[in-house]
There are 2 protein chains.
Amino acid sequence: MSSTLPSTSRSLPIALIRAREGVMAPIREMLTETGITEQQWRVLRVLSEHGLLDTTTLAERSSLLFPSLTRIAASMRDKGLITQTRDEIDRRRQLIEITAAGQKIIDDRTSQSTQIVDDIKTKLGTDNYETLLDLLGLLDISSND
Amino acid sequence: MSSTLPSTSRSLPIALIRAREGVMAPIREMLTETGITEQQWRVLRVLSEHGLLDTTTLAERSSLLFPSLTRIAASMRDKGLITQTRDEIDRRRQLIEITAAGQKIIDDRTSQSTQIVDDIKTKLGTDNYETLLDLLGLLDISSND
DNA sequence: ATCATTTCCTTAACATGTTAAGTATCGTGG
DNA sequence: CCACGATACTTAACATGTTAAGGAAATGAT
């Protein structure tokens with residue numbers, strides 16, 4: 001007779017939103033100075049880590065939906081942060097690569113970004129931090145079990 | 001000299017996004033049948049739990065930004081899910097209340113919603129589930145420590 | 001080769017996230 | 001009572017989330 005929903009104060013979706021907000025607040029603050037958005041930062045991070053990528057792979061690795069990435073990539077191209085080229089073998093594919101200007105943003109902010117993450121680890125404790133990442137991984141659809 | 005960012009595959013913000021996506025997917029599926037969005041569902045949940053609320057409190061409890069709630073409330077009013085009245089004491093305040101039609105949505109979906117949450121608990125194990133909520137709470141700014 | 005299907009991406013439309021500016025009301029010191 | 005700042009919301013503007021439809025290139029069966 002489970003006729004009552006759990007209190008919203010103990011709701012997992014809401015807890016995830018609030019935790020994300022807590023984590024992103026200092027990062028967003030940093031990015032405001034840089035003039036890029038959180039999503040653009042994610043794209044730069046992935047491109048910096050993996051090099052040349054097609055749009056599908058990039059969308060997956062940066063956890064962006066395809067239509068969002070289309071717009072974001074166009075904006076980043078206009079800003080000179082990435083280049084878009086067509087795959088000559090499979091002309092449906094688009095290949096995206098980070099530019100020197102894009103890489104410079106990463107380089108300039110790496111130290112600051114690392115500090116923010118360290119602060120969070122300290123706040124939670126390293127063990128808890130790792131536990132949290134593991135538990136979140138269990139909820140991830142794309143890494144199915 | 002921490003000159004390298006953590007791999008994006010072990011990034012907390014991205015893990016939070018993906019976990020949220022995993023949790024919300026079945027809920028969103030349920031809500032599609034109902035014809036309301038995830039945020040509207042949250043508003044209904046909070047109103048059902050707490051009764052009459054002013055906009056500020058409602059925004060906070062449903063984890064929505066004020067401008068978003070303004071739009072969402074207007075849309076929900078037009079759908080007949082809530083009522084908006086002005087506070088006669090403090091005429092700046094707006095009081096929002098769930099309607100019978102809104103409550104019916106909650107009632108109709110409570111069982112299904114509970115089942116979804118139970119599935120997640122089972123997937124993680126109850127202990128892990130509680131641990132996860134606790135850890136997420138530590139990241140929440142609004143519940144500062 | 002040709003047509004249907006699939007794959008990769010773009011566009012469109014609407015809702016929300018986010019920041020900033022604007023409006024109306026309240027409370028307070030002078 | 002009045003000017004002032006604070007509070008509670010609204011609007012605006014732009015970026016993203018989300019779903020659906022569309023377009024172009026590859027693939028496979030005939």
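Values reported hereafter were calculated over all heavy atoms of this structure, with side chains retained and with hydrogens, waters and symmetry mates removed. Residue numbers start from 1 in every chain, and the chains themselves are labelled A, B, ... in the order their sequence lines are given, proteins ahead of strands.
For DNA chain D, no neighbouring residue in residues 50-60 of chain A is found when judged by any heavy atom under 4.0 Å.
Shown here are the side-chain contact (heavy atoms from CB on, under 4.5 Å) partners of A:Arg93, two or more places apart in sequence or in another chain: A:Asp54, A:Asp87, A:Asp90. Taking the side-chain contact (heavy atoms from CB on, under 4.5 Å) definition, one finds that A:Arg18 meets it with A:Ile14, B:Ser63, B:Asp140, B:Ser142, sequence neighbours left out. Not counting sequence neighbours, the partners of A:Ser7 by the side-chain contact (heavy atoms from CB on, under 4.5 Å) test are A:Ser9, B:Glu49.
Between A:Gln84 and A:Glu97, every side-chain heavy-atom pair lies at or beyond the 4.5 Å cut-off.
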Reading nucleotides 13-23 of chain D from 5' to 3' and marking B where a protein heavy atom lies under 4.0 Å of the base, S where only the sugar-phosphate is that close, and - otherwise, the string is B-SBBBBB---
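Residue B:Ile36 is classed as having no contact, given no heavy-atom separation below 4.0 Å to the nucleic acid.
Side-chain contacts under 4.5 Å among hydrophobic residues (ILVMFWY), followed directly or transitively, place B:Leu65 with no other residue at all.
A:Phe66 and A:Met76 sit in two unconnected hydrophobic clusters of ILVMFWY residues. Membership requires side-chain heavy atoms under 4.5 Å apart, directly or through other members. The hydrophobic clustering, which links ILVMFWY residues whose side-chain heavy atoms are closer than 4.5 Å, places B:Ile27 and B:Ile72 together.
Remark: P of C:dT23 and CD of B:Gln94 are 19 Å apart, rounded to the nearest angstrom. Nucleotide C:dC9 holds its C1' atom 8 Å from the CZ atom of A:Arg86, rounded to whole Å. For A:Arg92 and C:dT10, the CZ to P distance is 13 Å, given to the nearest whole Å.
Side-chain atoms of B:Arg91 and base atoms of C:dT25 include no donor and acceptor less than 3.5 Å apart.
Of the two residues contacting DNA chain C, namely A:Leu95 and B:Asp90, the nearest-nucleotide position lying further toward the 5' end is that of A:Leu95.
Although no hydrogens or angles enter the test, the distance criterion places a donor-acceptor pair under 3.5 Å between the side chain of A:Thr99 and the main chain of A:Leu81.
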